[in-house]
Amino acid sequence: MITKFQEKVYNVVQKIPKGKILSYKEVAKLTGSPRASRAVGNALNRNPFKEVPCHRVIKSDGTLGGYAKGAKEKARILKKEGYLKNGL
DNA sequence: GACCTGACTCAAC
DNA sequence: AGTTGAGCCAGGT
């Protein structure tokens, strides 16, 4: 079951281009509630849409934050996307 | 409808 | 600069 809020969140996150990263705060702002960063993380965690690149959403500090499949996997994907580096 | 929880954020110590 | 506390939003019980 999805709510209007989640729908907005998935819609915004889905529009994130490759190599682009948005913070939970930014996504929350786009959804209409700049303070709903937690609700955004909540929605992304239960994200039913595999097309939604939830791994492109990180904390405002620049840290990855969390990931439904594991923060490690998230970091790995971001590396592949080009946001993070392999350590080089 | 109130209470609890969660991938957050900001401010203070 | 790292840890802790309080604030805020939505979903589920």
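So that the names make sense, note that chain A is the first sequence line, chain B the second, and so on, each numbered from 1.
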Would you mind reading off the distance between A:Arg56 atom CZ and B:dA7 atom P, rounded to a whole angstrom?
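Taking CZ of A:Arg56 and P of B:dA7, I get 22 Å after rounding.
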
Report yes or no: is there a donor-acceptor pair, N or O only, under 3.5 Å between the side chain of A:Arg35 and the base of C:dC9?
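In this structure, the two groups form no donor-acceptor pair.
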
Options [options], nucleotide nearest the side-chain atoms of [X]:
X	options	answer
A:Lys25	B:dT9, B:dG6, B:dA7	B:dT9
A:Ala68	C:dA10, B:dA7, B:dT9	B:dA7
A:Ser60	B:dA7, C:dC9, B:dT9	B:dT9
A:Lys59	C:dC9, B:dA7, B:dT9	B:dT9

Categorize A:Tyr24 for me: base, sugar-phosphate, or nothing, with a 4.0 angstrom heavy-atom threshold over every strand shown.
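A:Tyr24: base contact, heavy atoms under 4.0 Å.
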
For a quick check of understanding: with a heavy-atom distance under 4.0 Å over all strands, which category does A:Ala36 fall into, base, sugar-phosphate or nothing?
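If one applies the 4.0 Å heavy-atom cut-off, A:Ala36 turns out to touch the sugar-phosphate alone, with no base involved.
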
A:Val57 and its side-chain contact (heavy atoms from CB on, under 4.5 Å) partner, picked from A:Val52, A:Leu64, A:Leu44:
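Between A:Val57 and the candidates, side-chain contact (heavy atoms from CB on, under 4.5 Å) is satisfied uniquely by A:Leu44.
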
The single option from A:Asn47, A:Leu30, A:Val27, A:Val40 passing side-chain contact (heavy atoms from CB on, under 4.5 Å) against A:Val13
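Answer after filtering A:Asn47, A:Leu30, A:Val27, A:Val40: A:Val27.
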
Need to verify one output field. Residue with the more 5' nearest nucleotide on DNA chain C, A:Arg38 or A:Arg46?
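It is A:Arg38 whose nearest nucleotide is closer to the 5' end.
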
Backbone N/O of A:Gly66 and side chain of A:Lys74: donor-acceptor pair under 3.5 Å:
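Pair found, side chain donor or acceptor close to backbone of A:Gly66.
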
